[in-house]
Peer 1: 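My questions all concern the structure below.
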Amino acid sequence: MTTLLTHDQAEAILAAARGGEQPVQAELRPLAAALAAHRSDLAATPAPAPSPALQVWLAPGTRGRAAVAGPAWWRRLLRAVAGLGLGVQVAIGAGTAVAAGLGIAQHQHLLPGSGRQEQPPAPLDRSPASGAPSTAPSDDAAQDTPDAPAGTSPVVPAGAPSGTAGGGAPASGTSGGAQHQGEDPDDEPGDESGSQTGDDTGHDADASDPDSDDPGSGPTETGDEGTADDTADEPSGSPEQSEAPDGTDGSGGPESADEPDDPDRPDDGLDQAGRAASRLS
Amino acid sequence: MDFQDLLRDARLGEGAAFAELWARHAGRVAAFVRSRGAVEVEEITSDVFAAAFSGIGRFEGDETGFTALLLTIARRRVVDEQRQRARRVPVAPWQAEDDARSVPSVEDDVLARAGADDLATHLDRLTPDQREVVTLRLLTDLSLEQTARVMGKRVGTVKSLQRRALDALRRSLADDPDGPASPFDSSPHDSKATS
């Protein structure tokens with residue numbers, strides 16, 4: 001009696017109480033008999049009277065069909081997760097589409113404030129031959145970048161030391177040449193090489209030509225035209241100016257047109273050009 | 001009638017099938033509810049079956065599983081009722097027989113012993129969980145796993161509770177085959193059982 005029951009002994013007692021034929025130890029039989037009697041008493045408990053709410057169910061006849069068994073919990077969970085994932089994907093796709101649309105609209109300058117950087121108002125171009133090329137060459141003349149092709153260099157005196165074909169660009173003196181410079185994006189290498197040598201100085205001189213009719217315009221226009229004036233005023237200019245037509249092709253006008261505009265520089269270029277021109281004169 | 005046929009008819013809404021299920025299991029459910037100390041036995045039993053019939057379309061299993069479902073609902077209903085009773089302040093006129101301070105006479109005690117189930121008296125000495133395990137295993141044919149599911153406990157816990165409950169019953173029967181000698185002997189256990 002001092003030892004505890006084992007699980008097998010407990011199961012055997014319950015099985016015997018339920019009416020089974022499992023053998024039970026002699027010392028445990030009183031307990032099994034008492035449990036069997038208690039079970040009989042419990043089973044003999046009369047069923048209570050159903051409540052009015054339950055009597056509706058128990059009434060003869062057919063009620064509505066019961067709800068169909070729903071899916072298992074893991075199936076519902078899987079569906080919920082899948083739905084959530086789909087929702088996240090849709091949200092990401094929508095966000096990407098909106099971002100792409102905004103990017104395209106901004107690239108196309110369709111959004112307010114997304115337009116091109118406003119350029120300073122172009123100076124009045126009173127020269128008859130101006131117009132075609134933009135003011136970009138004047139920027140090049142002001143910046144005097146090493147890549148600046150011929151014609152954009154600020155100082156191109158009549159007798160430019162280089163005398164190269166590029167150097168002759170400003171000496172072209174013809175507005176037509178200048179226009180061609182501005183429109184021709186592809187310069188010949190030779191022309192560009194020439195521009196790196198002597199054109200830097202020659203163009204400034206052209207651009208700052210005080211005699212130019214269009215002092216406010218870009219160096220390309222003013223310079224070229226200025227050189228035209230210079231050539232007209234100074235017929236004694238370098239004979240290389242006559243070679244300008246070749247050089248004007250390589251003046252780099254088009255390349256300079258690709259350079260960013262710098263609205264502050266033209267004045268400097270003009271000043272430098274003016275000083276150079278004054279020295280030359 | 002086979003349980004599966006009964007279940008199929010119940011899913012179709014046949015009132016006769018519900019009546020048959022009620023007739024088969026209402027006694028056990030009522031006994032379980034009563035053994036748990038519920039007061040509104042009939043009401044709780046009816047609520048249990050109404051809830052089970054409402055969700056009969058989602059039930060899948062055999063008759064033992066259906067019994068486990070009924071007892072699970074019944075256990076929760078009993079717990080709810082006991083909680084409500086604990087919150088409710090009882091207001092009732094004084095009755096001499098209901099006064100716990102009164103001591104029954106010897107004659108009353110003898111009469112009570114004669115009509116009471118001996119094992120029920122010993123069962124009152126067990127803890128509530130031990131008593132519930134014995135009642136579930138004895139009243140129904142639930143397995144250990146099903147009993148654990150009804151009680152919301154692990155199978156190992158139910159095994160331990162069952163083994164200790166039967167051992168305590170064995171000792172109690174051996175020490176006092178006729179039950180408690182006097183009401184004072186059972187007072188500590190009664191207070192523990194009702195707690």
Peer 1: If you compare all heavy atoms of A:L54 against all heavy atoms of B:A50, which two are closest, and at what distance to 0.1 Å?
Peer 2: CD1-N, 3.7 Å

Peer 1: Please report the interatomic distance CG(A:L31) to NE2(B:H122), rounded to the nearest 0.5 Å.
Peer 2: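 Here the rounded value is 10.0 Å.
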
Peer 1: So which atom in B:L173 and which in A:A34 form the shortest heavy-atom distance, rounded to 0.1 Å?
Peer 2: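 B:L173 and A:A34 have their closest heavy atoms at CD1-CB, 4.0 Å.
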
Peer 1: Nearest 0.5 angstrom please: B:T135 OG1 to A:R39 CZ, how far?
Peer 2: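 Output value for this atom pair is 12.0 Å.
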
Peer 1: Might you point out which heavy atoms bring A:H38 and B:L138 nearest each other, and give the distance in Å?
Peer 2: CD2-CD2, 3.7 Å

Peer 1: Measure the CG-CD distance between B:L166 and A:Q9 for me, rounded to the nearest 0.5 Å.
Peer 2: 10.5 Å

Peer 1: Closer than 3.5 angstrom, by distance alone: can the side chain of B:R163 be matched with the main-chain N or O of A:H7 as a donor-acceptor pair?
Peer 2: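 No; zero donor-acceptor contacts below 3.5 Å.
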
Peer 1: Say you draw a straight line from OG of A:S51 to CD of B:E42; how long is it, rounded to the nearest 0.5 Å?
Peer 2: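 Between A:S51 OG and B:E42 CD, I get 9.5 Å after rounding to 0.5 Å.
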
Peer 1: Would you say the side-chain atoms of B:R34 pair up with the backbone N or O of A:L42, donor to acceptor, closer than 3.5 Å?
Peer 2: no

Peer 1: In residues 14-30 of chain B, which residues are in contact with chain A at a heavy-atom separation under 4.5 Å?
Peer 2: B:E14, B:G15, B:F18, B:A19, B:W22, B:A26, B:G27, B:A30

Peer 1: Could you list which of residues 145-161 of chain B have a heavy atom closer than 4.5 Å to any heavy atom of chain A, in residue-number order?
Peer 2: B:K159

Peer 1: In terms of heavy-atom pairs under 4.5 Å, which option from A:A53, A:P60, A:A49 contacts chain B the most?
Peer 2: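 Greatest number of close heavy-atom pairs with chain B: A:A49.
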
Peer 1: Do you know the tightest heavy-atom contact between B:D167 and A:L5?
Peer 2: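 Looking at all heavy atoms of both residues, the closest pair is OD1-N, 3.4 Å.
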
